[in-house]
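Working notes for the structure below.
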Amino acid sequence: GQQVMQIPQYQHVQEGEDFTTYCNSSTTLSNIQWYKQRPGGHPVFLIQLVKSGEVKKQKRLTFQFGEAKKNSSLHITATQTTDVGTYFCAGTSSGNTPLVFGKGTRLSVIA
Amino acid sequence: NAGVTQTPKFQVLKTGQSMTLQCAQDMNHEYMSWYRQDPGMGLRLIHYSVGAGITDQGEVPNGYNVSRSTTEDFPLRLLSAAPSQTSVYFCASSYGQGHFGTQYFGPGTRLLVL
């Protein structure tokens with residue numbers, strides 16, 4: 001079945017450094033979603049990418065969807081302590097196929 | 001709107017006990033799902049529903065039952081709890097974009113099975 005792999009599993013950065021997490025699917029995706037989960041909290045939707053090569057920005061966060069629609073990345077510029085949490089990607093090969101979540105990248109930011 | 005609500009927040013069970021995790025949403029979303037989250041494993045789909053009266057199995061359905069008698073409610077039943085079911089359980093709802101559009105998650109239920 002469809003698999004979604006996410007790397008790295010953990011990332012520790014100094015405040016102000018950049019951070020990137022990568023997501024790779026074993027199959028072509030119709031869309032990919034990104035979620036953030038704060039420690040002790042629940043996942044919260046950040047963004048959805050649908051088009052090949054799509055790039056979207058939310059303030060310091062940049063999301064990319066690969067040309068082949070099999071990979072994606074989330075880049076955070078100049079991390080802040082408020083960025084701490086686990087970032088998940090989730091993809092589906094069609095609207096009728098269940099979302100498959102990556103295992104997440106846990107980000108810690110050292111002030 | 002309360003969004004997606006889950007009860008209880010925490011539960012301790014003994015092996016072999018049964019219980020029901022409650023989930024309700026007030027957003028009139030068609031689709032609802034149950035996930036479990038274990039350390040290092042991400043979120044895994046247990047069961048999902050595309051509307052009242054319709055349910056289907058996800059990746060890890062064994063040991064769990066669901067039903068969807070109304071649009072609002074989607075309870076998850078553990079038939080005979082096992083230590084391997086110790087986990088954090090999240091309910092989510094979604095609408096449009098096929099079955100798995102943007103997921104709105106509840107706050108979660110933390111379950112410990114002894």
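Side chains are part of it too, since the values below use all heavy atoms of this structure and drop only hydrogens, waters and symmetry mates. Below, read A as the first sequence line, B as the second, and so on, with proteins coming before strands; counting in each chain starts at 1.
There is no contact between Arg44(B) and chain A, counting heavy-atom distances below 4.5 Å. For Gln37(A), the part lying under 4.5 angstrom from a heavy atom of chain B is the side chain only. Of the atoms belonging to Tyr35(B), it is side-chain heavy atoms, and not backbone ones, that fall under 4.5 Å from chain A. Neither the backbone nor the side chain of Glu59(B) comes within less than 4.5 Å of any heavy atom of chain A.
Atoms CD1 and CG, from Ile46(B) and Leu21(B) in turn, are 8.5 Å apart once rounded to the nearest 0.5 Å. Note that CD1 of Ile32(A) is 10.0 Å distant from CD of Gln48(A), once rounded to the nearest 0.5 Å.
Leu45(B) and Trp34(B) make their closest contact through CD1-O, 3.5 Å (heavy atoms, listed as atom of the first residue, atom of the second, distance).
For Phe105(B) and Phe45(A), the ring centers are positioned 6.0 Å apart or more.
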